[in-house]
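See below for the structure under consideration.
Sequence lines set the chain letters: A, B, ... in the order given, protein chains first and strands last, and positions in each chain run from 1. What you see below is based on every heavy atom in this structure, not just the backbone, and it leaves out hydrogens, waters and symmetry mates. Here the structure is a predicted model, which is why all the values come from computation and not from measurement.
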There are 2 protein chains.
Amino acid sequence: MRDVARRDTERCMTALKRIEREPLWDLAHAQLRDALLAGRFEPGTVLTLRSLAESFGTSITPVRDAVTRLVAQGVLQQGPRNSAIVPHLSRRELSDLTVVRCALEGRAAREAALRRHDEAALRKLQDRLSTMQSLIAARKLESYLEHHRKFHFGIYAMSGVPLLVETIENMWLRCGPVLSYVIPEYVVLLKGWDHHTAALKAIVAGDADGAEREIVADITDAAHYLASLADTTGQLRRPSGLITS
Amino acid sequence: MRDVARRDTERCMTALKRIEREPLWDLAHAQLRDALLAGRFEPGTVLTLRSLAESFGTSITPVRDAVTRLVAQGVLQQGPRNSAIVPHLSRRELSDLTVVRCALEGRAAREAALRRHDEAALRKLQDRLSTMQSLIAARKLESYLEHHRKFHFGIYAMSGVPLLVETIENMWLRCGPVLSYVIPEYVVLLKGWDHHTAALKAIVAGDADGAEREIVADITDAAHYLASLADTTGQLRRPSGLITS
DNA sequence: TTTTGTTGTTTGTTATAACAAACATCGTCG
DNA sequence: CGACGATGTTTGTTATAACAAACAACAAAA
């Protein structure tokens with residue numbers, strides 16, 4: 001037993017690999033987060049603690065922590081009696097979201113263009129761009145959405161301002177549920193594609209104004225398309241069918 | 001008993017006054033929030049659930065909810081073993097905060113200038129401005145800080161974008177503890193005063209560029225002053241004495 | 001003297017039970 | 001037949017206890 005302990009301490013000293021057992025509420029939080037972002041929850045659904053706890057196979061305490069966190073972030077809306085409901089997105093809320101996203105993501109693109117960035121990150125983004133192009137051609141929309149997300153945040157990460165990236169991530173989470181089922185019909189029109197390439201090109205050229213302009217155009221174009229889908233009450237709903245793979 | 005119920009329903013129907021018993025964790029959250037914003041917690045302090053529970057006279061469950069919420073907002077930093085510590089602010093983090101605040105608050109000022117705003121709100125802001133001036137002269141710094149905060153958020157509220165105001169509020173919470181004990185020495189120099197009047201003047205004139213410029217200048221000026229107070233390790237510390245009233 | 005092993009304490013995590021308010025269901029009375 | 005009221009159920013809130021990991025203090029051995 002002694003040499004075992006010795007070996008343990010040695011490993012900790014040399015590798016510095018943390019054990020870090022993830023708490024249950026952290027796992028629940030991550031699962032709920034991903035589900036929201038992927039649009040697996042219909043807007044308007046009330047998330048009850050006990051049903052979620054049963055799904056996760058845990059007590060209600062961890063899921064309560066997770067839900068509390070999501071509500072604090074503004075990802076989940078709190079309905080009557082402090083119940084957590086996955087939020088609807090009205091045309092007005094979408095408009096507000098667009099304003100904030102333009103300010104934040106436009107600034108991030110600007111900062112990214114002004115920085116000296118490593119070639120590896122740039123090449124990675126360019127590769128991802130061509131991957132996205134082929135994914136669109138193959139109509140693999142779910143996979144495209146993942147790459148699309150990573151492309152955007154790849155740019156924002158190059159701003160060198162973690163707080164900026166974190167705040168933008170929060171905004172994406174808020175419009176995540178809706179985006180997931182309206183973007184697929186949007187991207188096949190290749191509307192946003194040129195903005196992506198132009199933005200990346202502006203960044204490699206160090207053109208801050210151009211980078212901001214293209215990112216803002218990408219956001220506002222998508223927002224206009226989304227707004228056109230709203231019904232007479234200003235609510236955004238799933239247009240026709242479910243996501244096919 | 002029957003007429004009591006009748007009267008209850010009648011009252012609910014007519015007045016529509018919500019009862020809304022505030023949960024304990026909400027009170028704890030508000031108290032912690034205010035304490036953080038007022039700088040009553042020394043940065044670096046670890047907030048243990050049991051000690052807070054004892055202070056509030058409740059169980060640890062409500063304070064756990066409150067702390068969880070604060071951590072999710074980024075107001076409290078989570079240290080090792082998920083303990084909540086009131087965050088230090090390094091020069092780097094202050095710089096990041098400044099970037100985000102400029103993007104957000106600059107945009108809010110711009111939106112406010114572009115809107116048709118009611119005269120009552122404008123007059124209220126002008127009154128507050130003169131109040132702030134007299135408070136500075138009287139060296140009533142704590143009261144000044146409150147008016148200063150309300151002046152800024154009065155402008156941001158005129159943007160008509162609640163999400164923007166909410167996000168800005170979150171950023172203020174992050175730098176709240178530090179601001180509280182460095183701003184007092186700053187405002188007596190009257191450095192930020194002209195920016196405030198100029199910003200309000202630009203808004204009434206509908207000058208969006210001017211409004212954004214002045215708000216950004218106000219933020220960056222204060223940030224520069226704050227950065228000059230950082231020590232060699234990049235940490236911002238309380239300069240000399242405590243706040244006197 | 002320095003290091004190591006042990007023990008007691010602290011602290012976040014989780015489960016569980018009790019509670020109260022809100023909701024739904026259904027029976028009863030007008 | 002329709003509205004009102006009682007009752008059971010659902011659901012968030014809070015308290016409490018048990019648990020494990022980490023930290024601190026101390027004692028013993030090299």
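- Residues satisfying the salt bridge (charged side-chain N to carboxylate O under 4.0 Å, His left out) test with A:R33, not counting sequence neighbours, are A:E169.
- Proximity of A:S59 to the phosphate of C:dA15: a side-chain N or O atom is located under 4.0 Å from OP1 or OP2.
- Relative orientation of the A:H152 and A:Y156 rings is tilted, given thresholds of 30° and 60° on the angle between their planes.
- A salt bridge between A:E111 and A:R115 is absent, with no side-chain N of the basic residue lying under 4.0 Å from a carboxylate O of the acidic one.
- Rounded to whole angstrom, the span from the CZ atom of A:F56 across to the P atom of C:dA15 amounts to 13 Å.
- Identified under the salt bridge (charged side-chain N to carboxylate O under 4.0 Å, His left out) test for residues 55-72 of chain B, with sequence neighbours left out: A:R64-B:D65, A:D65-B:R64.
- Using a cutoff of 4.0 Å between basic side-chain nitrogens and carboxylate oxygens, A:E142 and A:R40 are not scored as salt-bridged.
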Could you pull out the protein-nucleic contacts involving nucleotides 10-13 of chain C (nitrogen or oxygen on both sides, under 3.5 Å)?
| unit_1 | atom_1 | unit_2 | atom_2 | d |
| --- | --- | --- | --- | --- |
| C:dT11 | O4' | B:R81 | NH2 | 3.1 |
| C:dT11 | O3' | B:R81 | NH2 | 2.9 |
| C:dT11 | O2 | B:R81 | NH2 | 3.3 |
| C:dG12 | OP2 | B:L49 | N | 3.1 |
| C:dG12 | O4' | B:R81 | NE | 3.4 |
| C:dG12 | O4' | B:R81 | NH2 | 2.5 |
| C:dG12 | N7 | B:R50 | NH1 | 2.8 |
| C:dG12 | O6 | B:R50 | NH2 | 3.0 |
| C:dT13 | OP1 | A:W25 | NE1 | 3.4 |
| C:dT13 | OP1 | B:N82 | ND2 | 2.7 |
| C:dT13 | OP2 | B:R64 | NH1 | 2.6 |
| C:dT13 | OP2 | B:R64 | NH2 | 3.2 |

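- Regarding A:I85, its CD1 atom lies at a distance of 16 Å from the C1' atom of C:dC23, rounded to whole Å.
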